Protein chains: 2
Amino acid sequence: MGDTTDDSEHIDGRRARGERRRAEIIEATLAVVTRDGAAGVTHRTVAKQAGTTTSLSTYYFATLDDLLVAALTSVADAYTARIRDIIDSPGDKLTGLAHLIAESGGPGRERALAERELATLAARRPALRPVARRWRENIAELATTLTDDPAAIAALVAASDGLCTAILLDNAPADPDHIQAVLRRAVR
Amino acid sequence: MGDTTDDSEHIDGRRARGERRRAEIIEATLAVVTRDGAAGVTHRTVAKQAGTTTSLSTYYFATLDDLLVAALTSVADAYTARIRDIIDSPGDKLTGLAHLIAESGGPGRERALAERELATLAARRPALRPVARRWRENIAELATTLTDDPAAIAALVAASDGLCTAILLDNAPADPDHIQAVLRRAVR
DNA sequence: ATCATGTTTGAACGTTAGTACAATTAGTAC
DNA sequence: GTACTAATTGTACTAACGTTCAAACATGAT
């Protein structure tokens with residue numbers, strides 16, 4: 001997380017510090033979403049979480065919307081990277097996906113919850129829609145390595161999403177084998 | 001609040017009026033959720049939408065949470081009734097379900113959006129969780145008329161949920177035939 | 001008519017929100 | 001050093017929030 005680009009020829013130190021602050025504020029935003037939900041995100045709560053002042057939050061993110069967009073983008077990027085890892089790894093892809101989904105029931109629950117909350121937000125704000133769609137597109141990309149049937153691809157995406165919902169709603173540890181069975185049924 | 005503490009048979013007209021008001025406020029709440037999202041729900045916005053005063057909203061729903069619970073329950077009840085109709089009707093059940101889901105992309109989009117928003121809210125408030133779960137349980141009930149395989153039932157529920165997400169996110173009219181194909185793949 | 005009870009209102013309380021802005025600090029270039 | 005710019009702070013304003021409350025109203029029961 002903390003890599004500093006000090007090896008570069010001539011970097012404006014102020015800019016580097018600014019971008020670090022920016023990242024800190026985004027991280028604080030996600031922490032707030034995780035703890036209190038998207039409704040709990042205000043410049044004040046985020047600033048307090050980040051250990052700075054309210055005005056600094058507005059300095060980097062002029063409006064609350066900017067802040068939420070940045071936060072959603074960040075969390076979506078992280079999740080996307082996980083899926084990409086599964087696609088690129090040599091093992092069975094459905095097994096990997098099943099374990100990733102199962103994380104929503106364990107320690108990754110709050111992260112998954114945050115993403116879901118922000119995705120719901122996206123349904124109403126067109127600016128956030130492409131970001132929210134990326135998760136689905138990546139699952140679809142994974143599916144194309146398994147089948148060519150468009151219906152099967154759609155089925156896998158839908159099943160992944162629905163399974164995630166079920167896990168979050170049940171609030172119980174999920175069984176990767178069961179998840180995998182449902183997924184496998186979709187692409188079969 | 002007075003419940004059915006009165007054992008006598010006479011009808012109190014005031015009670016009927018009160019329950020009508022209550023229903024109006026719930027309807028207004030759903031209208032607000034539809035227009036501005038769950039974040040836009042305040043006693044003031046709801047009251048204005050219902051054409052009454054702020055205090056009347058708090059009179060019927062002491063806290064904002066009560067209001068949201070009532071609204072979510074109401075919309076879940078309506079959707080549940082639709083699924084029950086499909087279960088009880090003689091025609092092909094997956095065709096009926098597919099058309100119901102497809103409505104999320106047409107005129108029923110805002111209604112579906114409201115339900116989804118409230119369901120997301122449920123993930124963080126345990127009080128709302130049972131209500132949110134009912135939708136899934138009814139789909140499962142429909143599935144039991146088609147198969148005994150638990151994995152197939154879970155697959156149908158997950159697929160229905162995921163398809164709904166896709167439709168809402170794509171914001172395009174949905175093709176019932178395509179939906180049906182995905183659903184049929186789940187229970188096959 | 002009188003009473004009791006449910007309904008409705010308007011105003012007010014204290015709190016917190018978004019936002020703006022002048023002032024201050026800190027780093028960079030000259 | 002001075003000048004410039006980005007980063008940061010403290011403060012203040014307005015608007016809206018949830019909630020409370022005493023009073024007024026409406027209506028069915030007696």
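Owing to the predicted nature of the structure, the values given are computational and were not obtained by experimental measurement. We name chains A, B, ... by the order of the sequence lines, and we start the count at 1 in each one.
If you check every strand for non-hydrogen atoms under 4.0 Å, A/Arg44 touches a base. Counting non-hydrogen atoms under 4.0 angstrom, B/Ser55 reaches a base of the nucleic acid. Residue contacts for A/Thr63: at a heavy-atom cut-off of 4.0 Å it reaches the sugar-phosphate backbone alone, with no base atom in range. Across all strands, A/Thr58 comes closer than 4.0 Å to base atoms (heavy-atom distances). Among the atoms of the strands shown, base atoms are found under 4.0 Å from some heavy atom of A/Leu56.
At C/dT9, none of the side-chain N or O atoms of B/Tyr59 fall inside 4.0 Å of OP1 or OP2 (strictly under the cut-off).
Judged by closest nucleotide on DNA chain C, B/Thr52 is the one of A/Gly40 and B/Thr52 placed further toward the 5' end.
The environment of A/Asp148 atom CG is sparse: at most 12 non-hydrogen atoms of other residues, nucleotides or ligands sit within 6.0 angstrom. Shown here is A/Arg111, whose CZ atom has no more than 12 heavy atoms of other residues, nucleotides or ligands within 6.0 Å.
Not a single donor-acceptor contact under 3.5 angstrom links the side-chain atoms of A/Thr53 to the base of D/dG10.
Under the 4.0 Å criterion applied to side-chain N and carboxylate O atoms, B/Arg84 and B/Glu141 are assigned as salt-bridge partners.
Residues passing the salt bridge (Lys or Arg N to Asp or Glu O under 4.0 Å) test with B/Glu137, sequence neighbours excluded: none.
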